[in-house]
Amino acid sequence: MQLTSILLYESLKEQFHIADYRLLSENQPLARPFFYEADRGLLSNHIYLTEEILDLSVFNSMPEDVVLVICQKNRNSFLPEGRFSCILLSCDTPVLHVFNAIQSIFDYYEDWEQQLVSVCHQDGTLDELLQLSVQVFGNPLCILANDGSLVAQAALEEIPDMEVLFQDTSMRIDYLNAFNQDPACMIPEDSRTPVLFPSYITGYRSLNVNLFLNGQSQYRLSILEKEEDLTAADHYLITVLAQHAEYILHRMYSESSSRTTTLQSIFQSVLSDRTADYMNISHLLKNVGWLPQHTYLCSVIQTAGASHASLNTDTVCSFIETEFSASCSVIYKDNVVSFFNLTLLDMEAEDVFQGLVLFIRDSILKAGYSRAVTGHMNLRRQYHQAYTALKLGGEINPQLWIHHFDQVAVPYILRQATRILPGNMLCYEKLLDLIHSDRTQNTEYIKTLRTYLEHNLNTVQSAKALFIHRSTFLYRLERIRSILETDLEDADELFYLNLSLRLLDMDENQSPT
């Protein structure tokens, strides 16, 4: 393992007094040291030690990727101006002692890296990887999924309030949203550069770096500043640890993701392929344990375009699949579509609603739910139910974040019925004569009929609701029966009249203003 110039400086600073230093690049990689010999050239990316007083010409000719360590004997020595990297130790520091110290620094970090390699190659865990690294960083470490859930940790018990944060779902989402909405706590999704988060959200500063899986940043490695101050050297060391953490993540998911990948492939086919063979889909689902006798629920969650939404689709998918083991989430048309196997979850639909309500509310998302349906043959129709609930519910009640298909079923039926013919061409024909009478003679036949139907044909209650005398109501009712040419007793006619009034309302709501 190579050191960087800043790691070399900070390691030497712990053992020796540094009189002066200059580093052209803190991230300059460095191999093991040599003693400086004036008649030999300088190899790139190496450390050179000397106790000699060097001429200015030597400094000016030094390659920029070399670090010179001077163990001075003269108290008046100082670093001249120029473009070179040098660490000047105080007087009376034996050069041999410094050389051995630098070799020990290399040995320490190479031993750490070798232990990391052993964990990776011996099917070790992420927790073991972090446990080996606690002493190196001197602080607690953790790996988080994009939904803020804790994947692995070491020494986190030293910060009890942080442990509670990761265990409490609603608190975790609150903090996740706070991080995602704070510019100082954002890491670009494609960045491998560590970012230092301030302490004002959790009470602890932390150094964070993305962990990539299948080319996407799906996890985050964090060092929490508890015992020792975070240093510039930690920025390099965390990237070393991140490489090994990614190796284990890839191994873990290559071993365990075949079922999840199969489910995602199946449901992508369900959603995108209108000609999909449902018998084949049912066979594939049975192979992964999702049986025809199981009951399923679908949700559609909108992130794109939602006002102030702080979570992306990958984070939402990760959260749902973490909270509901027997679920599968895919991204379809920029929304998160999730299918829940209620039978395997041993849950009712209401349990899923309650399990997601705080997450949806606190993340300022929009969601639509289908009905719970048994079997495989209606999975795509369940998606359409959930999507209809999301879109139509958002139009009817935009102030609500969560919509259920049952809440929009009637408006949906009416909209479907009037897609080709308007309501006035579908309604009970004689109703149009009532409307004409109301407009030309100022009668209130439509209002009277609507009230009568709403009160289940009860004349007394209808008259009270209209604030008219019962005899007046009966007169109007007789006129209505005459115009409609019906006695208002046939069940099918009454249903048609109720439906017709809704259809005419659709015409009014859709008419241009």
Side-chain angles (χ1 to χ4, degrees), residues 145-151 166-170 172-173 213 218 249 252-273 276-301 313-332 335-360 365 367-387 389-390 402-406:
N146 279 345
D147 63 356
S149 58
L150 187 65
V151 175
F166 293 124
Q167 293 167 359
D168 187 316
T169 299
S170 98
R172 186 177 81 238
I173 293 300
L213 184 64
Q218 300 186 31
L249 283 171
M252 289 169 53
Y253 279 83
S254 64
E255 294 171 352
S256 65
S257 66
S258 58
R259 174 180 169 276
T260 300
T261 302
T262 300
L263 276 174
Q264 290 177 340
S265 175
I266 293 170
F267 284 114
Q268 282 287 6
S269 178
V270 167
L271 296 172
S272 59
D273 186 359
D277 182 349
Y278 268 73
M279 296 304 294
N280 182 52
I281 286 174
S282 181
H283 176 72
L284 293 173
L285 286 171
K286 283 192 288 186
N287 287 343
V288 292
W290 286 40
L291 305 181
Q293 58 266 36
H294 291 173
T295 301
Y296 301 94
L297 176 75
C298 180
S299 73
V300 177
I301 295 179
T313 51
D314 290 329
T315 303
V316 175
C317 288
S318 175
F319 176 85
I320 291 174
E321 292 186 346
T322 300
E323 293 297 310
F324 301 93
S325 56
S327 70
C328 180
S329 296
V330 297
I331 300 169
Y332 181 66
N335 294 320
V336 174
V337 180
S338 302
F339 288 89
F340 303 86
N341 188 318
L342 298 178
T343 305
L344 293 180
L345 289 169
D346 193 22
M347 288 181 174
E348 300 294 332
E350 184 62 31
D351 298 323
V352 175
F353 303 154
Q354 292 302 317
L356 287 174
V357 63
L358 294 178
F359 172 72
I360 292 169
L365 303 171
Y369 289 106
S370 73
R371 294 171 176 168
V373 178
T374 299
H376 297 154
M377 296 299 108
N378 291 299
L379 293 171
R380 182 172 175 81
R381 294 188 180 106
Q382 285 184 276
Y383 160 72
H384 281 297
Q385 282 189 338
Y387 183 74
L390 174 66
I402 298 173
H403 307 276
H404 299 268
F405 180 73
D406 284 347

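No hydrogens, no waters, no symmetry mates; every other heavy atom, side chains included, goes into these values.
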- Task: Quick one: pull up OG in S272 and CZ in R380 and give me the separation to the nearest 0.5 Å.
- Result: 8.0 Å
- Message: Run the side-chain hydrogen bond (donor to acceptor under 3.5 Å, both in side chains) test against D273 and tell me which residues pass, sequence neighbours left out.
- Response: T275
- Straight-line distance of I360 CD1 to S299 OG, nearest 0.5 Å: 7.0 Å
- Taking all atoms of both residues into account, what is the closest heavy-atom pair of A145 and V151, and its distance? N-CG2, 3.7 Å
- Note on the structure: For L342 and V352 the tightest heavy-atom approach is CD2-CG2, 3.7 Å
- Query: Is there side-chain contact between F324 and N341, with at least one heavy-atom pair below 4.5 Å?
  - Reply: no
- Qualifying residues under salt bridge (Lys or Arg N to Asp or Glu O under 4.0 Å), relative to D406, sequence neighbours excluded: R371
- Across all chains, not counting sequence neighbours, the ring pair (Phe, Tyr, Trp, His ring centres under 6.0 Å) partners of Y296 are W290, H376
- Query: If you measure from CD on Q264 to SG on C328, what distance do you get to the nearest 0.5 Å?
  - Reply: 5.0 Å
- Closest approach of I281 and I266, non-hydrogen atoms and distance? CG2-CG2, 3.9 Å
- Query: Hey, does V270 have a side-chain heavy atom less than 4.5 Å from the side chain of Y383?
  - Reply: no
- Message: Does anything in residues 346-357 form a side-chain hydrogen bond (donor to acceptor under 3.5 Å, both in side chains)? List the pairs, not counting sequence neighbours.
- Response: E350-Q354
- Full working for side chain to side chain contact (heavy atoms under 4.5 Å, CB included) between V330 and F339: CA-CA 9 Å; V330 297; F339 288 89; 5.6 Å; no
- Note on the structure: What one should report as the nearest heavy-atom pair of L344 and A326 is CB-CB, 3.6 Å
- Task: Output all residues satisfying ring pair (Phe, Tyr, Trp, His ring centres under 6.0 Å) with F353, sequence neighbours left out; order by chain, then residue number.
- Result: Y369, H404
- How far apart are the C-alpha atoms of V337 and Y387, what are their side-chain angles, what is the distance that settles it, and do they pass the side chain to side chain contact (heavy atoms under 4.5 Å, CB included) test? CA-CA 9 Å; V337 180; Y387 183 74; over 6 Å; no
- Message: Is it the case that the side chain of Q218 and the backbone of L213 share a donor-acceptor pair, with hydrogens and angles ignored and the cut-off at 3.5 Å?
- Response: yes
- Message: Strictly by salt bridge (charged side-chain N to carboxylate O under 4.0 Å, His left out), give each pair with a member in residues 279-290 just once, sequence neighbours left out.
- Response: none
- Full working for side chain to side chain contact (heavy atoms under 4.5 Å, CB included) between I301 and S338: CA-CA 8 Å; I301 295 179; S338 302; 5.6 Å; no
- Check for a donor-acceptor pair, side chain of Q268 on one end and backbone N or O of I331 on the other, with a separation under 3.5 Å. yes
- Nearest-0.5 Å distance, CG of residue L390 to CG of residue N335: 6.5 Å
- Exercise: identify the closest heavy-atom pair between Q382 and V373: NE2-N, 3.5 Å
- Item | Separation between CG of L345 and CD of E323, rounded to the nearest 0.5 Å | 11.5 Å
- Indicate yes or no for a side-chain donor-acceptor contact from S370 to the backbone of C298 under 3.5 Å, with no hydrogens or angles considered. yes
- Task: Please test L263 against L285 for side chain to side chain contact (heavy atoms under 4.5 Å, CB included), starting from the C-alpha separation and ending with a verdict.
- Result: CA-CA 7 Å; L263 276 174; L285 286 171; 3.8 Å; yes
- Note on the structure: Note: L365 and F359 closest approach over all heavy atoms is CD1-CE2, 3.9 Å
- Do the non-hydrogen side-chain atoms of I320 and F340 ever get within less than 4.5 Å of each other? yes
